[in-house]
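What follows is a single structure, written as structure tokens, with notes after it.
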Amino acid sequence: MMKYLFLFFLIFFIASPFAEARIYLDINAPTLVQIPIILAKWKSLDKTPPPLSEKVYEILANDLTLSGFFKVIDVPRLPHSLQEKDGIPNTLSLQEWISAGGEILLAGETFMEPNGLNFRLKFHLIDLVEQKHIIGKQYEGPLQTLRPAVHRIADEVVLQITGEKGVHNTKIAYAVLQGVGKEIFIADFDGANVKQITQNQSINLSPAWSPDGKKIAFTSYLKRNPDLYLIDVAGKNLQPFSTYPGLNVSPSWSPDGKQIAMMMGMEGKSEIFLIDTNGKNPKKLTKGQGNEASPTWSPDGQQIAFVSDRSGSPQIYIMTRDGSNVHRLTFEGNYNTNPSWSPREDRIAFCARVEGRFDVFAIGSDGSGLRRLTSNPGNNESPCWSPDGRYIAFSSTRKGSSKIFIMNANGFNQRALTPSKGGESSPSWSKRFE
Amino acid sequence: MTKKSLIITILILCIGLLMIGCPKKKVLREEPSVTREEAAKREEAAKREEATRREEAALKEEAAGREEAAKKELETSLVAKKEPGIEGEVFESKLLKDIRFDYDKYDIRPEDAPILKENAALLKKYSKVKIQIEGHCDERGTNEYNLALGERRANSTKTYILTLGIPSDRISTISYGEEKPVDPGHNEEAWAKNRRAHFIITSK
């Protein structure tokens, strides 16, 4: 019996390189159907300064483009007769918009209170094919909340058209090279509001948002050891969290926010540990001869995917949260790292080396449906999912220095997060901030 | 009391006093007779002893001088290493040499064993010196896996040095992964230099 078992595994392992070649050649990402949406000129009511409406329009058009679900027909792309038509049209005049080639019409208006401190936004979403009103909403607030309010409109439009709310009110944390060190930064989904969170000139690495969006866990060499710290989103209240000798890196919060899985080196090599969010009771989950790295939680909090080189090369493995039932997930290629478990689907994105370069792939947690998502010159690494599982942020050197990119989960619509010079790595996506 | 008994009492007391007051018998030690020959021998031995003492002192002095000089050698080789945002005053010395690693590997290469032996010899010479071994990687691969690899490189280097008789409380380790390249280049030459274990002195 043992003899046959051995034979079985032998065939299995020998066969895998061929499977790799076949899958790589076979990859065709499904085409993304983008819905054409017309954005009519935004109207400024009463004495509202027109630049305010232009600002709202610009943010909204950009949001809908970034979502990847729409082909945005903005004012310059409209027939001349429609370019100056602003505000919410009455149902009788809908017919004329059909000529613009859109299926959906988004129209709205801005009102600024005479005191200049508060705004009010109103929008209507209209189905031009069915000639019916889909939804209309109004938002108001102090001027400093204008951007989030516009993002909420974009989220609402995405919800109406795709069945799930957008992620325009989310943020991405990442590390940025500064001199010889790295600092933690955050930016909005649309690349706005870039903020430096740490300012300690040290090496600050692998930020991870807490599930409640209030804190960021990250590693810093402040005390000449890679210790884990917590800091709040405003960059205040830095507190040491895990300072065991050796590595305290690559934190991953459990979905309930009660534990952090991380790499710890206190035993002389990196192992996956689970630690309570008070920084106490580290519990070792992995055992064996390999280096264990980069834990990531399944959305139900029952399993953890991680990297291990116990087979001789780094591969993705999955285990139950108590460290049992370890099984290997990836067999193609000889360098698969950085797993990130989708919060939506049972899919795991990871980074694989292909012909000396690195690209982002995704695979089902049962090992099926391997798909290559990037194939650009340069290295594409550190994938991380948006909270709705419909986008992946990653780092890419396609334009020289490493920058954070965002793409739809199928690999479409790849774009740089910000117009920065680069030096960026290790993105982590926040929850939705309402 | 009769006169007779008084006299007897006094006599007894006197005898008692005599006994108490009487010291132990003085015993005169007989001085051995010293011959001239023996005296000469003794003198010679003393001279020899003195000579040996001097010789030893001189040797000690010389050794101390050598150690002092050597200490100076280490002292003069030390370069304070200022690292922004990283706590602690540390030094680098050209006397403690780096070793390199093969791509994705953490085992000590045979050609690097002599370097580690030299480093260990230096540590034996300066028993107060404490070091930290830094494990480094090249930029390829992911940051986190490289941190694990760097940890392993630092620790396999430490393990090797421990086998050479250096106590473990004198060696700490740290992994910098790919975060502190010595060569910022993006080519094979730079990568080879960056895959290293680097030694710093944390206490002189």
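Here the structure is a predicted model, which is why all the values come from computation and not from measurement. Convention: sequence-line order gives letters A, B, ...; per-chain numbering from 1.
- Using modelled atom types, one side-chain atom of B/Asn146 and one backbone atom of B/Arg140 make a donor-acceptor pair closer than 3.5 Å.
- Taking both residues in full, the closest heavy atoms of A/Ile172 and A/Ala393 are given as CD1-CB, 4.4 Å, listed atom of the first, atom of the second, then distance.
- When each of A/Glu292, A/Arg310, A/Glu271 is checked for a side chain to side chain donor-acceptor pair (under 3.5 Å) with A/Thr286, only A/Glu271 meets the rule.
- Here the side chain of A/Lys403 pairs a donor or acceptor atom with the backbone of A/Ser420 at under 3.5 angstrom.
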Using side-chain contact (heavy atoms from CB on, under 4.5 Å), reason through A/Gln259 and A/Ile275 one step at a time and then give a plain yes or no.
CA-CA 6 Å; A/Gln259 285 179 304; A/Ile275 188 164; over 6 Å; no
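- In this structure, B/Thr173 OG1 and B/Ile161 CD1 are separated by 11.5 Å, a value rounded to the nearest 0.5 Å.
- Between A/Arg328 and A/Thr330, the shortest heavy-atom contact is NE-O, 2.8 Å.
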For a quick test of your reading: what N or O donor-acceptor pairs under 3.5 Å do the side chains of residues 52-60 of chain B make, sequence neighbours left out?
residue, atom, partner, partner atom, Å
B/Thr52, OG1, B/Arg48, O, 2.8
B/Arg53, NH2, B/Glu50, OE1, 2.7
B/Arg54, NE, B/Glu50, OE2, 3.4

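- For A/Ser220, no part lies near chain B; criterion is any non-hydrogen pair under 4.5 Å.
- Scanning all heavy atoms of the two residues, the minimum distance from A/Phe394 to A/Gln414 falls at CZ-OE1, 3.9 Å.
- Interface check for chain A: of the options B/Ala154, B/Ser172, B/Gly141, B/Ser175, the most heavy-atom pairs under 4.5 Å are formed by B/Gly141.
- Between chain B and the residues A/Arg224, A/Glu381, A/Gln201, the largest count of heavy-atom pairs under 4.5 Å involves A/Arg224.
- Remark: B/Asp107 does not engage B/Arg109 in a salt bridge, criterion side-chain N to carboxylate O under 4.0 Å.
- Of all the listed residues (A/Leu222, A/Leu177, A/Asn225, A/Val307), the one sharing the greatest number of non-hydrogen pairs under 4.5 Å with chain B is A/Leu222.
- For a residue to count as touching a neighbouring chain, one of its non-hydrogen atoms must lie under 4.5 Å from one of that chain's; by this rule A/Asn200 touches chain B with the backbone only.
- No donor-acceptor pair closer than 3.5 Å links the side chain of B/Arg152 to the backbone N or O of A/Ser270.
- Shown are B/Ile200, B/Asp169, B/Thr202, B/Ile201; of these, the side chain to side chain contact (heavy atoms under 4.5 Å, CB included) with B/Lys130 is made only by B/Thr202.
- At a 4.5 Å heavy-atom cutoff, the contact between B/Tyr176 and chain A is made by backbone and side-chain atoms alike.
- Summarising the geometry, atom OH belonging to A/Tyr174 is positioned 5.0 Å from atom CD belonging to A/Glu424; distances are rounded to the nearest 0.5 Å.
- In this structure a side-chain-to-backbone donor-acceptor pair under 3.5 Å is present from A/Ser428 to A/Trp209.
- Using non-hydrogen atoms only and a strict 4.5 Å limit, the part of residues 177-196 of chain B facing chain A consists of B/Glu179, B/Lys180.
- Contact annotation for A/Ile203: only side-chain heavy atoms (C-beta onward) come within less than 4.5 Å of a heavy atom of chain B.
- Heavy-atom neighbours of chain A within the stretch residues 77-94 of chain B, taken at a separation under 4.5 angstrom, comprise B/Glu83, B/Pro84, B/Gly85, B/Ile86, B/Glu87, B/Gly88, B/Val90.
- Here the side chain of A/Arg357 pairs a donor or acceptor atom with the backbone of A/Gly378 at under 3.5 angstrom.
- Of the atoms belonging to A/Phe358, it is side-chain heavy atoms, and not backbone ones, that fall under 4.5 Å from chain B.
- At a heavy-atom cut-off of under 4.5 Å, chain B is reached by A/Val180, A/Lys182 from residues 179-187 of chain A, listed in order of number.
- Using a distance-only test at 3.5 Å, with no hydrogens or angles considered, no donor-acceptor pair links the side chain of A/Thr337 to the main chain of B/Thr142.
- A/Leu205 touches chain B through its side chain: at least one heavy atom from C-beta onward sits under 4.5 Å away, while N, CA, C and O do not.
- Ionic pairing of A/Lys269 and B/Glu151 is not present here: no N-O contact between side-chain nitrogen and carboxylate oxygen is shorter than 4.0 angstrom.
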